[in-house]
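Note sheet for the following structure.
We count ligands from 1, going down the list as the structure has it; atoms in each ligand are counted the same way. Counting from 1, the numbers follow the sequence of the chain as shown. Please read these numbers as outputs of a predicted model, since none were measured by experiment.
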Amino acid sequence: MSRGSRRNLLLGIGAGTLALGGGTALGAGFRGSSSTGTLLRSQAPLPEAFARPLTVPPVLEPVSSTATEDVYEITQKVAQAEILAGARTEIWGYEGLMPGPTLNTVRGRKVSVLHRNELPVPAVVHLHGAHAAPEHDGYPTDLVLPVGADDHGHFGNQHGEGADISHGERLYEYDNNERAGTYWYHDHRMDFTAPAVWKGLAGLHLISDDEERALPLPDGDRDVPLMLMDRAFAADGSLSYPSVDPSLLETHGVEHPYEAGVLGDVVLVNGTPWPFLDVADVRYRFRILNASNARRYRLRLDPAPEGVPEPFVQIGSDGGLLATPLTHPHLDLASAERQEVVIDFSGYRVGEAVKLLNDFGEGSTERIMEFRIVRTERDESSVPDVLSEIEPLDPAEATVERDMVFGSQAIDGHHGWTINGEAFAVDDVHAAPHQGAVEIWNLYGDFHHPVHLHLVHFQVLNRGTKGPRRFDHGWKDTIDLRPAEQARIITRFDGNPGKYVFHCHNLEHEDMMMMGNFEVV
Ligand code: C2O
Ligand code: CU
Ligand code: CU
């Protein structure tokens with residue numbers, strides 16, 4: 001069925017159908033719960049916690065470099081990983097890895113990545129947080145067909161009119177002029193982003209610059225990414241996922257009762273279940289990314305260092321460094337959000353073990369990983385009082401104010417998710433901001449909806465009648481919108497003209513149509 005007819009069927013179906021009809025799925029996902037979604041239980045025995053060391057994804061070397069540019073090549077392929085001890089798990093990986101290799105880049109040096117698709121399905125690559133030109137942003141229908149697949153008709157109805165189809169490979173080019181920070185690349189194919197990321201298609205893209213490198217923050221081995229993904233495993237060790245169409249080619253969406261989001265019962269950090277990390281009694285910088293489809297986390301150290309009730313010193317968020325550090329007793333992260341924090345392990349004794357727990361988890365997902373303080377080292381790092389400069393956008397400058405309502409709705413008699421009552425359609429434009437214009441968007445949600453805008457970073461002005469929340473500071477590209485909440489954000493649309501998407505980053509919601517277009521004109 002085409003997008004257009006899908007959308008027509010929406011007419012006359014009232015909002016709220018899903019919430020009422022969803023029964024256990026949404027009941028469990030909403031009331032008193034901290035994630036919107038339903039737990040998918042592993043059939044395989046759960047791996048032992050804190051049994052294997054944390055690994056850090058390898059840094060990808062450029063295949064060539066000039067004075068101003070680095071060129072990379074990534075092959076997307078099916079591979080086997082040992083995620084559960086002694087079992088082989090088939091994954092889809094960038095370079096065959098889950099998570100993919102890290103791109104360690106320098107601000108202002110152009111980055112080009114040639115992606116080759118050796119997967120059995122089309123691919124789309126999006127660099128999350130990038131200020132990319134539209135043809136390099138990974139628009140969901142701009143498919144990269146598998147190598148050797150010359151007949152794209154075989155891949156169903158996923159590409160709209162005007163889709164920019166590539167055969168076998170595609171060169172994605174980035175100015176790479178974003179603020180220094182933690183960005184990530186992941187699959188973004190129309191209708192099938194959630195299962196593709198679940199299978200492993202996600203990796204980090206770090207950007208550094210002189211301003212950041214001049215700061216005395218922990219670095220080298222003491223600058224560690226932590227990519228959180230919850231997953232579930234079948235009895236044979238393969239990844240479970242409740243797709244309606246396991247070929248991931250024709251019919252989108254997940255089986256009932258998982259429409260609200262798929263939550264796994266095993267937490268992977270950089271691809272290893274509940275790992276441990278040996279640390280010295282010094283400061284470390286952690287770049288934490290919630291790369292989970294639907295799960296939210298509230299991270300806490302157990303025990304907290306004595307006399308330090310707020311052990312997380314947040315230095316960065318989605319769009320790089322904060323203006324000044326903020327201390328927190330815990331860290332909340334919705335899907336796609338990043339937080340950079342410094343933890344000072346000098347408050348512990350050598351020989352102690354500290355757990356990173358998840359207060360939003362249940363049972364097995366209450367734990368994340370363990371830090372073991374195993375040695376004493378000198379520490380010359382510190383967290384300066386001023387990290388960066390962030391100029392607040394002035395609401396008086398805003399020329400347009402728009403409302404975007406993120407809600408549940410029946411589509412074709414199935415559960416679906418919409419923005420302003422509309423399912424995603426390639427040709428529908430929700431907003432056409434003028435290039436350079438400052439706009440205020442009022443976001444409204446019924447359940448948890450981590451709302452993400454491509455192209456721009458934004459600032460949070462307020463949440464309902466209150467100011468920004470604890471984790472709303474700095475430049476954001478994803479906001480953790482909670483049930484029945486309203487948030488007001490402000491941004492400047494200073495990108496290249498063209499069409500971009502914004503969507504809910506609960507990836508099941510995204511695949512089930514909670515996405516819209518904005519077109520910079
Ligand atoms: Cu990370 Cu369009 O998303
Ligand atoms: Cu994005
Ligand atoms: Cu959502």
What class does the angle between the rings of F502 and H430 fall in, given that below 30° is parallel, 30 to 60° is tilted and above 60° is perpendicular?
perpendicular

Can S292 and Y297 be said to form a side-chain hydrogen bond (donor to acceptor under 3.5 Å, both in side chains), step by step?
CA-CA 10 Å; S292 307; Y297 297 86; 2.8 Å; yes

Give a yes or no on whether the ring-centroid distance for H131 and Y174 is below 6.0 angstrom.
no

Which of these, R170, H126, H136, H188, sits in a side-chain contact (heavy atoms from CB on, under 4.5 Å) with D142?
R170

The residue among H449, H252, H505 that forms ring pair (Phe, Tyr, Trp, His ring centres under 6.0 Å) with W417 is H449

Metal site the Cu ion (ligand 3), protein N/O/S atoms found under 2.8 Å:
3

List for me each residue that meets ring pair (Phe, Tyr, Trp, His ring centres under 6.0 Å) alongside W475, sequence neighbours excluded, and say none if there are none.
none

Testing the 3.5 Å rule here: is there a donor-acceptor pair between the side chains of D494 and Q435?
no

Note on atom 2 (Cu) of ligand 1: protein N/O/S atoms within less than 2.8 Å are H188 NE2, H454 NE2, H503 NE2

Flag this pair as yes if the NZ/CZ of R231 is under 6.0 angstrom from the six-membered ring centre of W198 and inside a 45 degree cone about the axis; otherwise no.
yes

For Y444, give me all partners under ring pair (Phe, Tyr, Trp, His ring centres under 6.0 Å), at least two apart in sequence or on another chain.
none

